[in-house]
Colleague: 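Let me give you the structure first, and then I'll get to my questions.
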2 protein chains.
Amino acid sequence: MASERKATADPARSLALLWRTREPTSRSAGPALSVDRIVRVAIDIADAEGLDALTMRRVGEALGVGTMSVYTYVPGKAELVAVMIDTAYGEMPRPAVEGDWRTRLERIARDNLALYQRHPWMLRAETTRPVLGPHLMAKYDYELSAIVDIGLTDVEVDAVLTLVLGHVKSAARAASEVVDLERETGMTDGQWWQSHAPWLETFLKPGAYPTASRVGTAAGQQHGAAYGPEYAFEFGLQRVLDGISVVVAERAANR
Amino acid sequence: MASERKATADPARSLALLWRTREPTSRSAGPALSVDRIVRVAIDIADAEGLDALTMRRVGEALGVGTMSVYTYVPGKAELVAVMIDTAYGEMPRPAVEGDWRTRLERIARDNLALYQRHPWMLRAETTRPVLGPHLMAKYDYELSAIVDIGLTDVEVDAVLTLVLGHVKSAARAASEVVDLERETGMTDGQWWQSHAPWLETFLKPGAYPTASRVGTAAGQQHGAAYGPEYAFEFGLQRVLDGISVVVAERAANR
DNA sequence: GCAGGTGCCGTACGTCGTACCGGCCGCCGG
DNA sequence: CCGGCGGCCGGTACGACGTACGGCACCTGC
C-alpha cells in the first residue's frame with residue numbers, strides 16, 4: 001500500500017463518488033452491494049477496530065462478498081476512506097445557532113470533539129487533502145455561519161475556524177493515543193508509565209532536567225492519566241476563545 | 001506492516017536503543033554499521049522522499065548492506081522511527097532564553113515549525129505515543145524552562161506548552177499537505193483547485209452554501225494558495241498567545 | 001591453532017492493495 | 001422467444017511490505 005494516496009488520476013471519478021452521481025440500476029432486484037452499504041460496513045470496522053483493521057478483504061468478508069467486488073463500487077481504498085470521512089461529517093448535529101458567538105464556537109468545538117471520539121480513525125485518515133464532499137461543504141458552511149457576524153473579515157473568520165478545529169483535532173489525537181495504547185498493550189496509561197519509569201530512571205542522570213521532572217510529575221499527578229487529555233482540551237479551548245475575544249473586542253472598539 | 005506499532009513487548013529494549021546503551025564493539029575495524037549511521041541514512045530518505053519511501057530494504061540499500069543487517073541494530077521499523085524522531089529533536093537550537101515570556105514562547109513555536117518543515121515526516125510519524133528519548137526530554141525541559149515563571153501552576157504551564165505545540169503541529173501539517181500534494185500530483189495548489197472546481201460546480205446546486213462559497217473564495221484569493229497555511233499559522237499563534245496573556249494577566253492581578 | 005561469538009544477510013512467509021480476466025445473469029432489441 | 005450485451009461478481013496472481021529464521025564468515029581470546 002505504501003501511501004494512502006496515489007496518483008489519484010481522476011478528480012471526476014473521486015468527486016462523482018463523493019457526491020454519489022450514479023443512477024440506481026434499473027435491475028429488478030438491485031445489486032447486492034452499493035457504495036452506501038460498503039461505506040457503512042467500513043465505518044463500523046474502523047470504529048470498532050481501528051484503521052489498521054480496515055482492509056479490503058475484511059470489508060468484502062463483512063459484506064459476505066468477494067474482496068474484488070468492492071472495487072466495482074469504489075476505485076480504491078483511498079477513495080473509500082474519503083467517502084467514509086465525508087459520511088461521518090454528515091452525521092454531525094447542526095442545530096440552529098443560538099447564544100453569543102463564544103457559546104456557539106464552543107459548541108462547535110465540542111461537537112467536533114465528539115465526532116472524533118466516535119470515529120477515532122478520522123484522526124489518522126485526515127492527514128491528506130480535505131475531501132471536498134457534500135457533507136464537508138455543509139459542515140463548513142454551518143460552522144462558518146455561526147461566526148461570520150463577529151466583526152472580522154472573511155479571511156479572519158476562516159482562520160478562526162481553522163484555529164479552533166485544529167485545537168480540537170490536536171486534543172482529540174492526544175486522547176485517542178491514550179485509548180488505543182490501552183487497547184494495544186492491555187495496560188492503562190498509569191500502568192504503562194509505571195513499567196517504563198524505572199527504566200527511564202536508569203538512564204537519567206539524577207538531577208538532570210529538573211523542570212521537566214517537576215512539571216511532568218505534577219501534570220501526571222493532577223489529572224489521573226486518563227483525565228489528562230481532557231484537561232488539555234478544556235484549558236486550550238478557553239485560551240483559544242480568550243485569544244479570539246481579544247481581536248473581536250479590538251474590532252468592536254474601532255468601529 | 002499494518003500498524004506502525006506492534007505489541008512492542010519490551011520497554012527495556014526500546015528505551016536502551018533510544019538512550020544508546022551499548023558498548024562500542026572492541027572489534028579492530030569496528031562493525032560497518034551502527035545505530036547512528038542507520039538513523040542518519042533513514043532520516044535523509046524520509047526528508048527527501050517522505051515516510052512512505054522509508055522501507056527497511058531501502059535503508060539497507062542506502063547503506064550498501066543487506067536488508068536484514070539493519071535488524072542487527074534496530075529491533076524493527078517502529079523503533080527506528082522512534083530513534084529518528086528523538087534524533088531530530090536533538091538538532092533543535094536551544095539558545096539561552098531572553099525577552100519576555102511572549103517573545104520566548106513565540107520563538108519556541110517558530111523553532112518547532114522550522115523543525116517540522118525540515119522533517120515533514122515527523123508530522124505523520126508522531127501519531128503514536130511520545131518517544132521518551134533523551135532529546136525529547138531535553139527539549140521538554142528547555143521549553144518548559146522558558147515559561148515556568150509566568151505565574152501559572154505547573155499543570156497550567158504544561159497545558160500552555162501543549163497548546164502552543166499543538167497549534168504548531170496543526171499548522172505545519174496543513175502546510176505540509178500542500179507541499180506534498182504538489183510533489184505527488186505535479187500541480188501547484190492553485191492548479192489543483194482549478195482542475196477540481198469545475199467538477200465541484202457541476203454537483204453543487206447554485207446558491208447552496210453561500211457562506212462557505214464566499215468565505216472560501218475570499219480566503220483562497222487573499223493568500224495565494226501557498227501562503228494560506230502560513231497565514232493560518234501566524235494568525236493562530238497570535239490568538240493563542242493573546243489567550244495565554246489573558247490568564248497570565250489575571251493571575252498577576254490577583255497576586 | 002582453535003572455539004566461540006559477533007556481524008552480516010539470503011530465503012521465505014504472511015499480509016496488504018489491486019490488475020486482470022473470465023463467468024454469470026437479467027434485460028432488451030430483434 | 002431468443003440471442004447477445006452490459007453490468008455485477010470474484011478467483012487468481014503480482015509486487016510491494018515487515019520481519020522470522022538459520023547459516024556463513026571472520027575476528028578475538030585462549
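To find a chain, count down the sequence lines: A is the first, B the second, and so on, and within it residues start at 1.
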Colleague: Using a cut-off of 4.0 Å on non-hydrogen atoms, how would the nucleic acid contact of A/Thr55 be classed: base, sugar-phosphate, or nothing?
Modeller: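 Sugar-phosphate only.
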
Colleague: Output the rounded distance in Å from CG (A/Leu63) to P (D/dG10).
Modeller: 10 Å

Colleague: So which nucleotide from C/dC9, D/dT19, D/dC8 ends up closest to the side chain of A/Thr72?
Modeller: D/dC8

Colleague: In whole Å, I'd like the distance from the CZ atom of B/Arg58 to the P atom of D/dG18.
Modeller: 12 Å

Colleague: If the threshold is 4.0 Å, N to carboxylate O, is there a salt bridge linking B/Glu49 and B/Arg58?
Modeller: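 A salt bridge links B/Glu49 with B/Arg58.
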
Colleague: Just N and O in the side chain of A/Ser69: are any of them under 4.0 Å from OP1 or OP2 of D/dG10?
Modeller: yes

Colleague: Please determine, for the side chain of A/Met68, which listed nucleotide (C/dG17, D/dC9, C/dC20) has the closest atom?
Modeller: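 So the nucleotide nearest the side chain must be C/dC20.
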
Colleague: Which of these nucleotides, D/dC17, C/dT18, C/dC8, is closest to any side-chain atom of A/Met56?
Modeller: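 Closest nucleotide to the A/Met56 side chain: C/dT18.
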
Colleague: If the cut-off is 4.0 Å, is A/Tyr73 near the phosphate of D/dC9, judged by side-chain N/O to OP1 or OP2?
Modeller: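 The answer is yes; a side-chain N or O of A/Tyr73 sits under 4.0 Å from OP1 or OP2.
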
Colleague: About how many Å separate CH2 of B/Trp193 and CG of A/Leu132, when rounded to the nearest 0.5 Å?
Modeller: 5.5 Å

Colleague: Consider the side chain of B/Val65, meaning its heavy atoms from C-beta on, and name the nucleotide among D/dA13, C/dC9, D/dT19 that approaches it most closely.
Modeller: C/dC9

Colleague: Could you give the CD-to-C1' distance, from A/Glu79 to C/dT18, as a whole number of Å?
Modeller: 12 Å

Colleague: Grab the two heavy atoms, one from B/Met137 and one from A/Ala212, that are nearest each other, plus how far apart they are.
Modeller: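 Closest heavy-atom pair between B/Met137 and A/Ala212: O-CB, 4.4 Å.
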
Colleague: Rounding to an integer number of Å, can you tell me how far A/Asp52 CG sits from C/dG17 P?
Modeller: 10 Å

Colleague: Rounded to the Å, how far apart are B/Leu51 CG and D/dC17 P?
Modeller: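 From B/Leu51 CG to D/dC17 P: 14 Å.
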
Colleague: Base, sugar-phosphate or nothing for A/Leu80? Non-hydrogen atoms, less than 4.0 Å.
Modeller: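 Nothing, no nucleic acid heavy atom in range.
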
Colleague: Report the residue (A/Arg57 or A/Thr67) whose heavy-atom-nearest nucleotide on DNA chain D is the more 5′ of the two.
Modeller: A/Thr67

Colleague: Go through the steps to decide whether B/Tyr116 and B/Glu126 satisfy the test side chain to side chain donor-acceptor pair (under 3.5 Å), and finish with yes or no.
Modeller: CA-CA 11 Å; B/Tyr116 288 131; B/Glu126 261 182 334; 3.1 Å; yes

Colleague: Take the protein atom CD of B/Glu61 and the nucleotide atom C1' of D/dA16, then report the distance between them rounded to whole Å.
Modeller: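 These atoms are roughly 14 Å apart.
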
Colleague: Would you kindly give the CD1-to-P distance between A/Ile38 and D/dC8, to the nearest whole Å?
Modeller: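 Atom CD1 in A/Ile38 sits about 11 Å away from atom P in D/dC8.
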
Colleague: Return the orientation label for the A/His119 and A/Trp121 ring planes: parallel under 30°, perpendicular over 60°, tilted otherwise.
Modeller: tilted

